[in-house]
Amino acid sequence: MGGPAPVTPIPRDFFARPAVDVAPELLGAVIEHQAPEGLVALRLTEVEAYAGQADPASHAYRGKTRRNAVMFGPPGHAYVYFTYGMHFCVNLVCLGEGRPDAVLLRAGEVIEGEALARARRATSRRAADLASGPARLCQALGIDSSFNGADVCTAGSPLRVRADGPRPGTTGRSADKAKIATGPRVGVTAAAEVPWRFWIEGAPSVSAYRPHGPRRRKLVTP
DNA sequence: TGCATGATGTTCT
DNA sequence: GAACATCATGCAC
C-alpha cells in the first residue's frame with residue numbers, strides 16, 4: 001500500500017497508425033524513465049514523423065537492417081539509435097506489422113526529476129535546454145542503446161509514455177489547448193519539403209529551426 | 001547573438 | 001570510405 005501512483009501508459013492502438021497522424025497527438029504527452037537513481041518525466045514539445053519505406057529520410061527507407069529492425073516490429077516500442085559518434089536519439093514505433101513508421105522525439109520540458117536531469121546534463125544551464133534536442137532529450141532521460149526495443153505501453157516498463165492528464169493547480173498547458181505548429185524536419189536533406197516536424201508553439205524547450213548551410217567536409221588534400 | 005567547426009563511432013555502400 | 005534524424009565550444013562583431 002502507499003506505493004507509487006499507478007501509471008497508465010498510452011494504449012498500443014494509439015501507435016498503430018501512420019506516424020504523421022501520431023506525431024502531432026504526441027505533443028503534450030509525457031515520457032518517463034524510472035531508473036534506479038530516480039524518475040525523470042518530461043512533456044513532449046517537439047517531434048518529427050518518419051514514414052517508413054516511402055520516406056527517403058527514414059532509416060527504414062532502404063529496408064530492414066540490424067540497426068532498424070525494431071522499426072519493423074510491433075508499435076509502441078522505442079527505437080534507439082546511435083549517431084555522430086556520441087549521441088543517442090529515440091523514436092516511438094508506429095504502424096507495425098512490417099510497416100516501419102516512427103516518430104522521433106526531438107524535445108521536451110522536464111516536469112519531474114529536474115535535479116536528476118540536471119545531474120545528467122551538467123552543461124545545461126537553463127531548464128529549457130535540458131531536453132531541447134533529440135540527443136539532449138535522451139541524455140536527460142538517461143536513455144541509451146539498452147533501451148532499443150523497450151515497450152513504452154506497459155505500466156511496469158522502466159520507459160513508458162502516458163497522456164498528460166489534467167493537472168490541477170498548474171497552468172495545465174496541454175496539446176489540446178496549445179497551438180501546434182508544423183515545418184520541415186531538421187537535419188535531413190531528403191524530402192526536406194515535407195512539413196513533418198511538429199512542435200508546441202511558444203514552448204521554450206523547442207529549438208528554433210536552423211536552416212544551416214551544407215556541412216563543409218574537412219578539406220583533406222592527400 | 002550567431003555561425004563555423006571539431007569531436008567521435010556505427011552503419012551502409 | 002563516406003555519411004550521419006547532433007552538440008558544445010570558440011571566436012567574430
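Convention: sequence-line order gives letters A, B, ...; per-chain numbering from 1.
The separation between A:Phe82 atom CZ and B:dA7 atom C1' is 11 Å, rounded to whole Å.
Here B:dC12 is the nucleotide among B:dC12, B:dT10, B:dA7 with the atom lying nearest to any side-chain atom of A:Arg62. Of the candidates C:dA5, B:dC12, C:dC7, the closest approach to any side-chain atom of A:Val188 belongs to C:dA5. Here C:dT9 is the nucleotide among B:dA7, C:dT9, B:dC12 with the atom lying nearest to any side-chain atom of A:Thr123. Proximity note for A:Val186 (side chain, C-beta onward) versus B:dT11, C:dT6, B:dT13: the nearest is C:dT6. Between C:dA5, C:dC7, B:dT10, one nucleotide has an atom nearer to the side chain of A:Tyr79 than all others, and that is C:dA5. Nearest to the side-chain atoms of A:Pro134 among the listed nucleotides C:dT6, B:dT8, B:dC12 stands C:dT6. Closest contact between the side chain of A:Tyr81 and the listed nucleotides C:dA5, B:dG9, C:dC7 involves C:dA5.
Nucleic acid contact for A:Arg121: sugar-phosphate only, since backbone atoms but no base atoms lie under 4.0 Å from a heavy atom of the residue. Backbone-only contact: A:Ala135 has heavy atoms under 4.0 Å from sugar-phosphate atoms and none from a base.
By the 5.5 angstrom centroid cut-off and the 30-degree plane limit, A:Tyr84 is classified as not stacked against the base of B:dG9.
Applying the ring pair (Phe, Tyr, Trp, His ring centres under 6.0 Å) test between A:Phe88 and each of A:Tyr79, A:Tyr81, A:Phe82 identifies A:Phe82 as the sole match. Partner of A:Val40 under the side-chain contact (heavy atoms from CB on, under 4.5 Å) criterion, out of A:Glu112, A:Arg118, A:Arg120, A:Gln34: A:Arg120 alone. Exactly one of A:Val30, A:Val103, A:Leu105 qualifies for a side-chain contact (heavy atoms from CB on, under 4.5 Å) with A:Leu44. That residue is A:Leu105.
Under a hydrophobic-cluster definition in which Ile, Leu, Val, Met, Phe, Trp and Tyr are linked whenever side-chain heavy atoms come within less than 4.5 Å, directly or via other members, A:Tyr61 and A:Val188 are assigned to different clusters.
Taking the six-membered ring wherever Trp is involved, the centroid distance between the rings of A:His33 and A:Phe147 falls below 6.0 Å.
Remark: A:Arg66 is not in phosphate contact with B:dC12, judged by side-chain N or O atoms under 4.0 Å from OP1 or OP2. Taking only side-chain nitrogens and oxygens, A:Ser58 never comes nearer than 4.0 Å to OP1 or OP2 of C:dA5. OP1 and OP2 of B:dT8 both lie 4.0 Å or more from every side-chain N or O belonging to A:His87.
For B:dT8, there is no paired base (Watson-Crick or G-U wobble, both distances below 3.5 Å).
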